[in-house]
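Below is one structure, written out as structure tokens; comments come after it.
Bear in mind the structure is a predicted one, so any value in this text is a computation, not a measurement.
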Amino acid sequence: GDFIETLQEVAENYFHGETILKPSIRISHPVKGRIPEAKHKHAKDLEDWEVTTYFDRMMFVIEVASISDIVSGNQLTLTIGGVKCYGDDNLYGRKESDQTFKMFAGFKNRVCSNMCVWSDGLVQDIKVRHIGQLQAAMVTMLQQFNASYFLRELKALPQYGLTERQFAQLIGRCRMYQYLPAKQKEHISPILFGDQQIGAVCRDYYKDGHFAHGDDGSISLWKIYNLFTGANKTTYIDQFLPRAANAYEITHELKTALDGTGSTWYLN
């Protein structure tokens, strides 16, 4: 609760005068426990006040509804949020031990609820001991996140595309990556999506109502990016943000290969 309330307060101060919606929260399965004083009791002997319940994973988002733009007919809304996974912490350690949090700033595609996250708007595994440190980290993240630049980059994606053959090569190499020798992987941008998500990208290339290929089999980088962010919806909460950022990194690398400013193993 403190995590969500703190980011809500930071957002209201940082985006003063903007329309900020209430947090949307997603939680995983509940984990039942007990207070330390009851650790030697049998479960059947526990009093109600000795029983604790927490959720192993939690993610929330807060939309800044008044800051939005259009990319290829899709409305994007500025969104911030965070992830808490108790598996990252030592719950049985001393009270003053560090707790780990993940935070992000990006844009939500309101057409499909896909989340656009850029690595500059992502803070992974920040360790803090009190709310003041967490609040300071939130402010720093928002100060470093260049929303205008990210939007310009997103708006460029519809101008580039892959042929059906190039898309097939991309999918094939995404599947190949995890089996490459470690030495070869050192020189290749990683793909964090597993076979299940890559399969979803391939399926939705044909079937997605918004981002399927064109009549000639070609597909824009904007659509490819959204196929990846759409496939990311099936990811466990603790892996959601790294994969969201990875979707943009791979798509941006494809763009640099197409405009001649870079190269990528996924199309070579």
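Residues Phe167 and Leu258 fall within the same hydrophobic cluster, defined by Ile, Leu, Val, Met, Phe, Trp and Tyr side chains chained together at heavy-atom separations under 4.5 Å. Under a hydrophobic-cluster definition in which Ile, Leu, Val, Met, Phe, Trp and Tyr are linked whenever side-chain heavy atoms come within less than 4.5 Å, directly or via other members, Leu151 and Leu122 are assigned to different clusters. If you chain together hydrophobic residues whose side chains sit under 4.5 Å apart, Leu76 and Leu227 fall into the same group. Val71 and Tyr149 end up in the same hydrophobic cluster when Ile, Leu, Val, Met, Phe, Trp and Tyr side chains are linked at under 4.5 Å. Linking Ile, Leu, Val, Met, Phe, Trp and Tyr whenever their side-chain heavy atoms come within less than 4.5 Å puts Val61 and Val83 in one cluster.
Between the side chain of Asp45 and the backbone N or O of Lys41 there is no donor-acceptor pair closer than 3.5 Å. Using a distance-only test at 3.5 Å, with no hydrogens or angles considered, a donor-acceptor pair links the side chain of Gln166 to the main chain of Thr163. Proximity of a side-chain donor or acceptor of Thr77 to a complementary backbone N or O of Ala65 within less than 3.5 Å is not detected. A donor-acceptor pair is defined here as one N or O able to donate and one able to accept, closer than 3.5 Å; no such pair exists between the side chain of Tyr225 and the backbone of Leu154. Formation of a donor-acceptor pair under 3.5 Å by the His130 side chain with backbone atoms of Gly132 is found in this model. At distances below 3.5 Å, at least one donor-acceptor pair connects side-chain atoms of Gln133 with backbone N or O atoms of Arg129. The main-chain N or O of Asn268 is found under 3.5 Å from a side-chain atom of Gln169 such that the two form a donor-acceptor pair. Panel note: side chain Glu50, backbone Glu47; a donor-acceptor pair is recorded below 3.5 Å. A donor-acceptor pair under 3.5 Å links the side-chain atoms of Ser66 to the main chain of Thr19, judged by distance alone.
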Determine, stepwise, if the pair Leu254 / Tyr160 fulfils side-chain contact (heavy atoms from CB on, under 4.5 Å). CA-CA 9 Å; Leu254 294 173; Tyr160 298 86; over 6 Å; no
Kindly determine whether Phe15 and Leu142 satisfy side-chain contact (heavy atoms from CB on, under 4.5 Å), including the steps that lead there. CA-CA 10 Å; Phe15 299 107; Leu142 292 176; 4.2 Å; yes
Report the C-alpha separation of Ile35 and Trp49 in whole Å, then their side-chain angles, then the decisive distance to 0.1 Å, and conclude whether the side-chain contact (heavy atoms from CB on, under 4.5 Å) test is met. CA-CA 9 Å; Ile35 63 174; Trp49 59 274; 3.6 Å; yes
Check the pair Val10 / Ile80 against side-chain contact (heavy atoms from CB on, under 4.5 Å), numbers first and verdict last. CA-CA 11 Å; Val10 168; Ile80 60 177; over 6 Å; no
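Looking at Leu267 and Leu162, their side chains come closer than 4.5 Å, going by heavy atoms from C-beta outward. Side-chain contact between Gln197 and Phe228: absent, with no pair of heavy atoms (C-beta onward) separated by less than 4.5 Å. Looking at Met59 and Leu241, their side chains come closer than 4.5 Å, going by heavy atoms from C-beta outward. At a threshold of 4.5 Å between non-hydrogen side-chain atoms, the residues Val51 and Arg34 do not count as touching. Looking at heavy atoms from C-beta onward, Ile171 lies in side-chain contact with Val201 at the 4.5 angstrom threshold. Contact annotation: the side chain of Ile62 never approaches that of Thr79 to less than 4.5 Å [non-hydrogen atoms, C-beta and beyond].
Listed here is the closest heavy atom pair of Ile126 and Val123: CB-CG1, 3.9 Å. Heavy-atom minimum distance, Phe60 versus Ile25: CB-CG1, 4.0 Å. Considering every non-hydrogen atom in both Ile198 and Cys174, the closest pair reads CD1-CB, 3.8 Å. Closest approach of Asn232 and Ala244 over heavy atoms only: ND2-N, 3.5 Å. Shown here for Ala11 and Ile20, the closest heavy-atom pair between the two residues is O-CD1, 3.4 Å. The nearest pair of heavy atoms linking Ser220 to Leu157 is CB-O, 4.5 Å.
In terms of the side-chain contact (heavy atoms from CB on, under 4.5 Å) criterion, residue partners of Asp120 (sequence neighbours excluded) are, by chain and number, Trp118. Residues satisfying the salt bridge (Lys or Arg N to Asp or Glu O under 4.0 Å) test with Arg243, not counting sequence neighbours, are none. When the side-chain hydrogen bond (donor to acceptor under 3.5 Å, both in side chains) test is applied to Lys223, no partner is found at least two apart in sequence or on another chain. Applying the salt bridge (Lys or Arg N to Asp or Glu O under 4.0 Å) criterion to Lys185, with sequence neighbours excluded, gives no partner residue. Every residue was checked against the side-chain contact (heavy atoms from CB on, under 4.5 Å) condition with His16, not counting sequence neighbours, and none meets it.
Rounding to the nearest 0.5 angstrom, the gap separating the CD1 atom in Ile70 from the OG atom in Ser68 is 6.5 Å. Met141 contributes atom CE, which lies 9.5 Å from atom OH of Tyr14 (distance to the nearest 0.5 angstrom). Interatomic distance, Asn246 CG to Gln239 CD, rounded to the nearest 0.5 Å: 10.5 Å. Here Ile219 contributes atom CD1 and Glu164 contributes atom CD; the two are 10.5 Å apart, rounded to the nearest 0.5 Å. In this structure, CE in Met138 is found 5.5 Å from OG1 in Thr6, a value given to the nearest 0.5 Å.
Counting Ile, Leu, Val, Met, Phe, Trp and Tyr side chains that sit under 4.5 Å apart, directly or through other members, Leu21 stands alone, with no cluster partners. Tyr236 belongs to no hydrophobic cluster with other residues, because no ILVMFWY side-chain heavy atom falls under 4.5 Å from its own, directly or through intermediates.
Counting only residues at least two apart or in different chains, ring pair (Phe, Tyr, Trp, His ring centres under 6.0 Å) contacts with residues 249-268 comprise Tyr248-His252. Counting only residues at least two apart or in different chains, salt bridge (charged side-chain N to carboxylate O under 4.0 Å, His left out) contacts with residues 148-163 comprise Asp69-Lys155.
Defined by atom type and a distance below 3.5 Å, a donor-acceptor pair is missing between the side-chain atoms of Asn74 and Ser72. For Gln99 and Lys84, the side-chain atoms include at least one donor-acceptor pair closer than 3.5 Å.
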Result block: side-chain N/O donor-acceptor pairs under 3.5 angstrom for residues 101-116, not counting sequence neighbours:
{"from": "Lys102", "atom 1": "NZ", "to": "Asp88", "atom 2": "OD2", "distance (Å)": "3.1"}
{"from": "Lys102", "atom 1": "NZ", "to": "Asp125", "atom 2": "OD1", "distance (Å)": "3.0"}
{"from": "Lys108", "atom 1": "NZ", "to": "Glu63", "atom 2": "OE2", "distance (Å)": "3.1"}
{"from": "Asn109", "atom 1": "OD1", "to": "Val111", "atom 2": "N", "distance (Å)": "3.1"}
{"from": "Asn109", "atom 1": "ND2", "to": "Asn226", "atom 2": "OD1", "distance (Å)": "3.1"}
{"from": "Arg110", "atom 1": "NH1", "to": "Glu63", "atom 2": "OE1", "distance (Å)": "2.4"}
{"from": "Asn114", "atom 1": "OD1", "to": "Lys233", "atom 2": "NZ", "distance (Å)": "3.0"}
{"from": "Asn114", "atom 1": "ND2", "to": "Asn226", "atom 2": "O", "distance (Å)": "3.0"}
{"from": "Asn114", "atom 1": "ND2", "to": "Asn226", "atom 2": "OD1", "distance (Å)": "3.3"}
{"from": "Asn114", "atom 1": "ND2", "to": "Thr229", "atom 2": "OG1", "distance (Å)": "3.1"}

Using a 3.5 Å cut-off and no angle test, enumerate the donor-acceptor pairs between side-chain atoms of residues 187-195 and protein atoms at least two apart in sequence or in another chain.
{"from": "Ser189", "atom 1": "OG", "to": "Glu253", "atom 2": "OE1", "distance (Å)": "2.4"}
{"from": "Asp195", "atom 1": "OD1", "to": "Gln178", "atom 2": "NE2", "distance (Å)": "3.1"}

Atom pairs and distances, donor-acceptor, side-chain atoms in residues 206-214, under 3.5 Å, two or more places apart:
{"from": "Asp208", "atom 1": "OD1", "to": "His210", "atom 2": "N", "distance (Å)": "2.8"}
{"from": "Asp208", "atom 1": "OD1", "to": "Phe211", "atom 2": "N", "distance (Å)": "2.7"}

